[in-house]
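Let me begin by presenting the structure, written as structure tokens, before commenting on it.
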Number of protein chains: 2
Amino acid sequence: MPEKKTMDAVWLEDGRLQLRQDIPVPEPGQDEALVAVTQAGICQTDLELIKGYSAFHGIPGHEFVGTVSAGPANLLGKRVVGEINACCGRCPTCRDRAGCVRHCPERTVLGIAGRHGAMAEYLVLPSANLHEVADNLADDEAIFVEPLAAALEIQEQVHLRPDQRVLVVGDGKLGLLVAQSCSRTGAWVEVAGHHPERIGWFPGTAMRACADAGPDARSYDVAVECTGDAAGFDVALRALRPGGTLIMKSTYTGRLTLDAAAVVVDEITLVGSRCGPFRPALTLLVSGQIQTGPLISARFSLDQAEAAFARAAQRGVLKVILGMKAE
Amino acid sequence: MPEKKTMDAVWLEDGRLQLRQDIPVPEPGQDEALVAVTQAGICQTDLELIKGYSAFHGIPGHEFVGTVSAGPANLLGKRVVGEINACCGRCPTCRDRAGCVRHCPERTVLGIAGRHGAMAEYLVLPSANLHEVADNLADDEAIFVEPLAAALEIQEQVHLRPDQRVLVVGDGKLGLLVAQSCSRTGAWVEVAGHHPERIGWFPGTAMRACADAGPDARSYDVAVECTGDAAGFDVALRALRPGGTLIMKSTYTGRLTLDAAAVVVDEITLVGSRCGPFRPALTLLVSGQIQTGPLISARFSLDQAEAAFARAAQRGVLKVILGMKAE
């Protein structure tokens with residue numbers, strides 16, 4: 001346990017961010033651990049939270065790497081990343097549905113719902129949520145475990161086959177993780193976005209930028225919508241062959257209007273997709289199969305959080321990292 | 001081939017129906033057969049066509065039973081039902097995707113797109129689309145092969161397991177076929193609708209009417225939307241557990257607005273579902289496992305088509321049948 005009683009933290013309330021220096025260092029409950037945060041990433045969901053995606057107020061942030069400073073002996077002092085859904089462990093969803101604990105109706109979600117997040121010197125999560133990070137995985141790579149796990153959730157939900165054509169709509173930080181991980185299956189992966197040059201950042205992957213004219217209509221087996229806006233959804237839908245599958249991988253604020261008749265006539269499947277499995281994300285990162293270096297656009301310190309969020313919200317900016325100064 | 005050159009037919013144009021007596025008897029092309037229609041059913045899609053669901057004009061109707069009066073020797077004189085999608089047989093969809101011919105981009109669809117339908121004394125379909133009807137299956141049962149096949153498409157697309165809870169939204173003619181066929185899997189099937197007494201019409205099935213207060217929230221594994229309206233869609237979505245599957249089984253006119261964030265957060269899968277396989281529909285009907293008698297509300301002759309459509313559009317009315325007088 002740290003000796004200090006208060007800590008620096010980013011505080012979100014009523015759509016406004018501020019640095020506060022008076023936040024009590026959280027105390028881990030039973031089966032929980034205290035983690036000294038080394039760095040945290042800004043995700044699209046964080047930007048949506050400011051716009052009012054949910055009523056959350058408190059410390060945002062759910063992508064992090066840190067060191068366990070209080071908790072079970074086997075984790076103490078270890079460098080960790082953490083799954084963000086803290087479930088109750090007692091309800092029917094937790095008890096009866098293996099692998100569905102991320103849907104526990106009583107869950108809290110780090111920095112998103114009912115639980116303070118990672119943009120602070122310390123955070124608390126259930127010990128069971130933490131995964132030790134191998135020594136050869138840098139903090140700058142480990143910060144991508146959570147979003148890469150979300151990308152891999154696609155393959156938990158949908159059987160991607162090597163003979164399929166996959167379109168990833170959006171070449172931002174999420175789209176480029178999705179495209180890399182999907183291309184590892186052997187599927188033909190194309191990325192539709194405004195920055196075709198980015199594909200060249202990832203040598204040794206089998207993904208390709210889409211043609212200038214945009215994706216071929218009605219030809220892809222699977223489309224993954226990674227932009228979070230209705231225009232991206234329409235691009236994905238138009239690109240699918242009849243019987244194809246559209247993965248809704250982004251956080252959407254507000255409602256989405258779709259051509260229901262087209263979905264029925266073409267027998268399209270739409271799959272909502274959220275958090276995913278950490279273990280395979282760590283495996284792919286540790287073995288160097290997913291490249292994250294090109295995805296980092298900027299670094300800020302915790303007291304520059306407002307500027308960091310402004311930067312993260314600019315067009316064309318990829319991952320923005322907040323570095324901490326915890327002892 | 002009949003000797004007469006013209007026939008009676010219902011004609012749909014600009015949202016208006018009329019009986020015409022001057023329509024040329026169609027001539028079957030290569031690999032096609034001429035069918036003397038015995039009776040045709042009015043489907044929700046037919047009602048939507050009048051409201052402008054598509055730009056179709058001509059003879060509507062795609063649910064029928066009839067007798068082959070010109071065509072290959074093995075079918076001549078046989079009582080038949082017919083699959084409604086006539087594909088080109090040459091495009092990549094037809095050649096490379098077994099079972100996907102119903103999605104051929106060049107297809108015509110009986111009474112719906114590019115091909116005159118069944119509300120006439122005669123129709124033409126590819127011979128390969130026709131299925132002989134066993135002697136012990138009455139015309140009044142055979143008329144339900146097409147909509148029952150559409151109901152069975154659900155099980156072509158989604159693996160229904162016996163330990164699952166299925167909610168069917170809508171207790172109209174389609175919902176009651178869907179509920180019966182789903183209940184044959186052993187799954188727990190509940191039907192949400194305005195006529196709970198209808199469940200009693202189907203003794204020996206394992207389906208149940210929903211509680212008066214409506215379906216339990218967030219508890220069903222699968223929900224099948226059979227109403228074709230946005231309110232039904234919302235009922236289905238709210239009833240699903242996280243990770244559940246919503247089958248969009250109805251024809252929708254216009255667009256549908258959905259809470260995309262909820263679909264993503266709860267990882268809901270939406271499945272557009274259209275035409276299905278005829279062979280298992282015939283099997284279930286011939287073996288008496290699906291009951292259709294209670295689903296017939298009224299009969300009209302072809303020259304009463306306008307009244308028949310008006311009746312079919314009334315609330316609470318189930319299948320309305322148009323009887324022909326073909327030689």
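Here is how names work: the chains are called A, B, and so on, in the same order as the sequence lines, proteins then strands, and each is numbered from 1. Note that the structure is predicted; figures quoted are calculated from it, not measured.
Heavy atoms closer than 4.5 Å to chain A are found nowhere in B:E48, neither backbone nor side chain. With a 4.5 Å cut-off on non-hydrogen atoms, A:T245 does not touch chain B at all. In this structure, chain B has a heavy atom under 4.5 Å from the backbone of A:I268, while its side chain stays farther away. Contacts between A:E153 and chain B at a heavy-atom distance below 4.5 Å involve the side chain alone, from C-beta outward.
Partner of B:T269 under the side chain to side chain contact (heavy atoms under 4.5 Å, CB included) criterion, chosen from A:V158, A:V271, A:L270: A:V271. For the pairing with B:H103, the side chain to side chain donor-acceptor pair (under 3.5 Å) check across A:R218, A:E267, A:R241 returns one residue only, A:E267.
The choice from B:M248, B:R274, B:K249 that makes the most heavy-atom pairs within less than 4.5 Å of chain A is B:R274. Comparing A:S273, A:A261, A:S250 by heavy-atom pairs within less than 4.5 Å of chain B, the highest count is held by A:S273. The most heavy-atom pairs under 4.5 Å with chain B, out of A:D259, A:I247, A:V265, A:D266, come from A:V265.
Other residues, nucleotides and ligands contribute over 12 non-hydrogen atoms within 6.0 Å of the CZ atom of B:R255. Counted within 6.0 Å of CZ on B:R279, heavy atoms from surrounding residues, nucleotides or ligands total 12 or fewer; the atom is thus considered open. Within a 6.0 Å radius of CG in B:D14, no more than 12 heavy atoms belonging to other residues, nucleotides or ligands are found.
Closest heavy-atom contact between A:L256 and B:A260: CB-CB, 3.7 Å.
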